[in-house]
Amino acid sequence: MASAFEYAPAPESRSIVDIAPSYGLFIDGEFTEAADGKVFKTVSPATEEVLSEVAQAGEADVDRAVAAARKAFEKWSALPGSERAKYLFRIARIIQERSRELAVLETLDNGKPIKETRDADLPLVAAHFFYYAGWADKLEHAGFGPAPRPLGVAGQVIPWNFPLLMLAWKIAPALATGNTVVLKPAETTPLSALFFADVCRQAGLPKGVVNILPGYGDTGAALVAHPDVNKVAFTGSTAVGKEIARTVAGSRKKLTLELGGKGANIVFDDAPIDQAVEGIVNGIFFNQGQVCCAGSRLLVQESIHDELLDSLKRRLSTLRLGDPLDKNTDIGAINSEEQLARITRLVEQGEAEGAERWSPACEIPSAGYWFAPTLFTNVTQAHTVARDEIFGPVLSVLTFRTPDEAVAKANNTPYGLSAGIWTEKGSRILAVANKLRAGVVWSNTFNKFDPTSPFGGYKESGFGREGGRHGLEAYLDV
């Protein structure tokens, strides 16, 4: 007899979004071919089908885009803040109106579950444009002096894990403060940025204010090094961030970097176990663990280790892995074959070093890039899986006895982006949070974002803040 709660697929329709067979670069308000005619294909990570062919920007295209942004800067920066705000409000409303279409597109191109793009990414994208639209006519009251000025042309390079959200984090404050933008999306996820170009046109944004240049690392390098770019904003790997820092050193370019992380999620013995388990799952398996602030190191107080682990394993056994367009799916596809190979290599290294690997029984689809949710126990701080950012659905479990030991282990990393604390004692939350060297510390929750709250890291997790009032400073001459 079938259970009343037996699984039934509930796929979102692909027909809601119309993907063109090819896309050009978006320069000076128009779609155009690359100067050298180069193109590349973007594929669906869940099925490996080719979604579209996209123009690949080269140095000549970077020159054209920066020149268009420089020309547009004169009029855009001269507009009253209230006028710039109208465009940002319009963009925010259009994003809300087209949110279902954009959510499906993001899921197709990125591989993350539709319930994440629909319920987390898109609402936050619109919220960031609404929030910074509100700041556009209040900059003199933001605490950066009586007449803060825009920097000029902002060169922005974004990653593939949150393509549209990272675009919003960067473009919204740049436009609100009067700057113009040349943005390079990741080569594996260019489609939502190109759809955003269409949103800009629909909103009537003046030509040249936003330019979109799909391409590979050499495109981003050319943009970062361009002599007429005044501001560089990058989100991505620590290795690339260091290279960018070397490139802009000695120039007058303003730089913000939001890089990797190896976040510690600390669970004390008085924590509500079921609530903590949900937070742990959200902290590391949201977006398949492809999150720079993921809680990839679980620090559990020894006395509750076994109880917590049993509960966590039961919860992981209920997660659904499969079609990202299915509204019931919890774990989607890994973004690319290259990323899947990296995750696989690091997990195999963890096993070789003696850590104990566990995954729930789950069926892996025959096509696409997939990795089952994975736990490592018997982990020490010397293990690779406890030190290196895996950027996948892999959780390393360590133990501690005292709050001081928890803090020491949490801070024993070259990264400093995020951390979580689970306890019923408010005094312990404040005491421990004060000692953690992390840009954002969540208490009794994880992966909660808001446009009013600044986000950024310490150490090898980068510098500068995005979001909130603090996010304005990166785009102002203060």
Side-chain angles (χ1 to χ4, degrees), residues 38-57 105-113 116 157-167 184-194 213-224 234-244 258-262 284-294 296 321 324 331-352 359 364-374 384-385 387-394 415 460:
K38 285 186 177 179
V39 296
F40 65 96
K41 292 177 171 60
T42 183
V43 304
S44 167
T47 62
E48 299 179 63
E49 70 167 303
V50 174
L51 296 172
S52 187
E53 192 174 74
V54 180
Q56 180 180 332
L105 178 75
E106 196 83 314
T107 289
L108 284 170
D109 206 22
N110 172 277
K112 65 172 70 179
E116 292 182 9
V157 182
I158 59 173
W160 45 259
N161 57 338
F162 292 93
L164 200 55
L165 183 57
M166 293 298 100
L167 176 150
K184 191 203 89 71
E187 63 271 19
T188 59
T189 53
L191 294 185
S192 54
L194 293 167
L213 298 181
Y216 287 80
D218 56 343
T219 307
L223 178 58
V224 167
F234 172 75
T235 297
S237 73
T238 296
V240 176
K242 288 179 178 179
E243 186 60 38
I244 288 173
E258 197 261 281
L259 309 175
K262 193 70 178 175
I284 182 57
F285 300 116
F286 178 72
N287 196 19
Q288 296 72 253
Q290 298 170 141
V291 185
C292 49
C293 57
S296 53
L321 181 147
I331 306 287
I334 301 302
N335 180 253
S336 67
E337 188 175 15
E338 179 186 7
Q339 182 60 22
L340 178 59
R342 171 181 167 80
I343 295 167
T344 303
R345 174 175 56 80
L346 288 169
V347 165
E348 288 173 350
Q349 191 171 341
E351 283 188 285
S359 290
I364 302 293
S366 56
Y369 315 124
W370 305 90
F371 200 89
T374 299
T384 300
V385 292
R387 292 185 290 106
D388 289 7
E389 184 181 35
I390 298 173
F391 221 64
V394 181
Y415 298 106
E460 291 195 7

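Side chain of T47 to main chain of G368: no donor-acceptor pair is present (N/O by atom type, distance under 3.5 Å, no hydrogens or angles). Although no hydrogens or angles enter the test, the distance criterion places no donor-acceptor pair under 3.5 Å between the side chain of E116 and the main chain of F286. K242 places no side-chain N or O within donor-acceptor distance of the main-chain N or O of S237, the cut-off being under 3.5 Å. Counting only distance, with no hydrogens or angles, the side chain of N287 and the backbone of N161 share a donor-acceptor pair below 3.5 Å. In terms of modelled atom types and a separation under 3.5 Å, the side chain of E49 and the main chain of S44 share no donor-acceptor contact. For the pair N110 (side chain) and N335 (backbone), a donor-acceptor distance under 3.5 Å is absent.
Residues S296 and E389 fail the side-chain proximity criterion, which asks for heavy atoms closer than 4.5 Å. Inter-residue side-chain proximity for I334 and Q290 is flagged as met; some heavy-atom pair is nearer than 4.5 Å. For the pair Q339/Y369, no side-chain contact is recorded, criterion being any heavy-atom separation below 4.5 Å from C-beta on. Taking 4.5 Å as the limit, some side-chain heavy atom of L321 sits within range of a side-chain heavy atom of P365. At least one side-chain heavy atom of I390 sits less than 4.5 Å from a side-chain heavy atom of I343. Inter-residue side-chain proximity for F40 and P190 is flagged as met; some heavy-atom pair is nearer than 4.5 Å. Between V43 and E48, every side-chain heavy-atom pair lies at or beyond the 4.5 Å cut-off.
Applying the salt bridge (Lys or Arg N to Asp or Glu O under 4.0 Å) definition to pairs two or more places apart or across chains, none involves residues 333-344.
Residues passing the ring pair (Phe, Tyr, Trp, His ring centres under 6.0 Å) test with W370: none are found, sequence neighbours excluded.
When only modelled atom types and interatomic distance are considered, T42 and D109 share a side-chain donor-acceptor pair under 3.5 Å. The closest side-chain donor-acceptor pair between E460 and T238, if any, does not fall under 3.5 angstrom.
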Note to self: Between Q288 and K112, does the side chain to side chain contact (heavy atoms under 4.5 Å, CB included) criterion hold? Intermediate values first, please.
What the structure shows: CA-CA 7 Å; Q288 296 72 253; K112 65 172 70 179; 4.1 Å; yes
Note to self: side chain to side chain contact (heavy atoms under 4.5 Å, CB included), that's the test. Do S52 and L191 meet it? Break it down for me.
What the structure shows: CA-CA 8 Å; S52 187; L191 294 185; 4.2 Å; yes
